[in-house]
**Student:** 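Please find one structure pasted underneath; my questions will follow.
First the proteins, then the strands, lettered A, B, ... as listed; each starts at 1. Worth saying up front: this structure is predicted, and the values here are computed from it rather than measured.
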2 protein chains.
Amino acid sequence: MPVSLKDVASVAGVSIKTVSNVVHDYPFVRPTTRARVQKALDDMGYRPNFSARRLRNGRSGTIALSLPELTPYFSELAELVVMAAEERGLTVLIDRSGGERTHERRVAGGIRSNLTDGTIASPLAMTAEDVENLRDGHPIVLLGERLSHVGVDHVAIDSVAAARAATEHLLDLGRSRVAALGTARRPAGTVALRQRGYEQALRARGVRPERSLHGDVELFHRCDGYDAVHRLLAARSDVDALFCFNDLLAFGALRALRECGRRVPDDVAVVGFDDVEECTYSIPPLTSVAPDKPAVAEAAVGLLVLRMSAELPVEPREVFPPYRLVARESTVGG
Amino acid sequence: MPVSLKDVASVAGVSIKTVSNVVHDYPFVRPTTRARVQKALDDMGYRPNFSARRLRNGRSGTIALSLPELTPYFSELAELVVMAAEERGLTVLIDRSGGERTHERRVAGGIRSNLTDGTIASPLAMTAEDVENLRDGHPIVLLGERLSHVGVDHVAIDSVAAARAATEHLLDLGRSRVAALGTARRPAGTVALRQRGYEQALRARGVRPERSLHGDVELFHRCDGYDAVHRLLAARSDVDALFCFNDLLAFGALRALRECGRRVPDDVAVVGFDDVEECTYSIPPLTSVAPDKPAVAEAAVGLLVLRMSAELPVEPREVFPPYRLVARESTVGG
DNA sequence: CCCTTGTTCTACAACGTTGTAAACACAGCC
DNA sequence: GGCTGTGTTTACAACGTTGTAGAACAAGGG
């Protein structure tokens, strides 16, 4: 039995609008009236009805965060997005899209339909067309580098440069047979960029990229890294370094390497990507590319707020938050 | 510029209600009319306005999942809750409460106010009173064993029995100086239950619990486990087993043990709690108490749906999903 | 032909909120 | 007393939706 403005109004003996005015700290309310209304408000435990507000003024104060999965990196990012949004008085609706295209469409389409004022999405399976179609007027900010050609706001670290730095770090250690873990037969999006950075680094040192040093995967989970490393070592037992396209792959790799009797970093040096908290505690601790996650979250929310409050269409913007390579024992020894 | 029923109606040349009837598959619509309306619906890209629906019929089809943090266990659980809710046509709004009392109140109070139809909460800092006060009519299901005395639906594994089983597992391995990691000076909620199970197991084997085998922590993060183990080993270098109240503590412990030159499980056997995915890939893989997470999620959503659809007050129910101990190399060797 | 029954469609009200505009009270001033 | 201005309060409409009630029409039975 929720309490409405009407209920409060009748108890306080004023009009609905006056109660609304008190709730919103409208200045022209007589102090005595304000006190009386406030008391009724408190006594009755009034809570505004967000649906009605939203219906009335077209804003819900809620944004959607659509993530393919709640893996560690996305979880850490989600925490930061929630905090950044909170500072702006926004509530975040976290949606796990599962990376299935249909569902992601539903988010950008269905949920946005009046539940949220905007969406921050990390699209795994949406095409540029999907985004274009479903956006129509609904503010969207994309996380990650896919679809960068679409006219949409965009937040992503420079994956090519970061991947290149990670690979160079391994080369600097004197490793020459650096494998890439996370490649794909038909690389797209993030995979393509990291793969490019990896190859750039090799070529810059005069090392020829070899297909046999690719560890192809379907997904970016621990088990994919684990399986791929077993396959990789079977084919190329001389691998002496591993650049993993994300940390989960690296954790799977660490385990597989151990099972194959390779010491890390002595026999094989390993670098990950994302710098999730687990990196500090894995054995050995994992060297990783650390995107400035607070900056990513802040930029995403900031861009979205901007776009939500924009009256006129705004030129799509791209933000490239900083990153750095955090060297730990998986490359530089104990 | 969202499309409303009115817009579609005027294009299709029918009344608003007829469009609504088509949208809802109301049977008494002439096929020709239905086709005409459906075409307009599709052409114009009509999307229902959830706020208006919610306002009109008091249901939003959204439930809140309020978690203290997006740590691995909660992330895995959240995924399952989202899936369980999806099967029932519900959208989940994940809210990271941060474990701060004020915020958790806001969720059970503020957000519930008409954004969601119900709340699944894992309360860390709410008192029984808080829950009682803020519930009033709003369906709530609690995860975890705190506040079990409150008249609220409740889903939690039998923490005492599970903790006891974990401790017994260590004792069965012949360990006699089993430390508990995650204790508190003033144990409450989950901590108190797991501590009780731990002590029950010891006493059942005629082992006297010792205060010096407690590893007190503030929080349940990796770093807390790490710090506590360093302190513990400084005080009691004879520890030969470690029962950690959650997996993150255990991961911190694994690292600290390694730094102190203890081999796992040879010198110290380690058991965790929650069985997060990371357990399979840690080095060594971590023995852990594995709650049936899908069952937990299913039960929570099921109870909530029941309560949401209940006309009359329903007797509060408690569900205890099963759990099992998954033995891995951190206790049973490589 | 009227009456009933069934199908198809519509008008209206209401959910709770807030912006607009206007009403009202009461100063101070000509 | 009428005017202007300022402060305080209110009535009304509208946001998009759906339940209720009933209108309009056709078919079938007496």
**Student:** Could you pull out the closest heavy-atom pair between A:R307 and A:P139, with the gap in Å?
**Tutor:** CG-CB, 4.0 Å

**Student:** Check whether any side-chain heavy atom of A:V296 lies under 4.5 Å from a side-chain heavy atom of A:L80, and answer yes or no.
**Tutor:** no

**Student:** What does nucleotides 16-23 of chain C look like as a protein-contact string, B for base, S for sugar-phosphate only, - for none, at under 4.0 angstrom between heavy atoms?
**Tutor:** BBBBB---

**Student:** Do the side-chain N or O atoms of A:T33 get closer than 4.0 angstrom to the phosphate oxygens (OP1, OP2) of D:dT8?
**Tutor:** no

**Student:** Between atom CZ in B:R30 and atom C1' in D:dA26, what is the gap in whole Å?
**Tutor:** 11 Å

**Student:** Any donor-acceptor pair under 3.5 Å linking the side-chain atoms of B:E69 with those of B:H221?
**Tutor:** yes

**Student:** Let me know the distance between OH of A:Y26 and P of D:dT9, rounded to the nearest Å.
**Tutor:** 10 Å

**Student:** Please check the phosphate of D:dT9 (OP1 and OP2 only) for any side-chain N or O of A:S15 closer than 4.0 Å.
**Tutor:** no

**Student:** Quick one: does B:L70's side chain get under 4.5 Å of A:F74's, heavy atoms only?
**Tutor:** no

**Student:** Looking at A:V29 and A:V22, what are the two nearest heavy atoms and their distance?
**Tutor:** CG1-CG2, 4.1 Å

**Student:** Is B:K293 paired with B:D274 through a side-chain N to carboxylate O contact shorter than 4.0 Å?
**Tutor:** no

**Student:** In whole angstrom, what separates B:R59's CZ from D:dG19's P?
**Tutor:** 13 Å

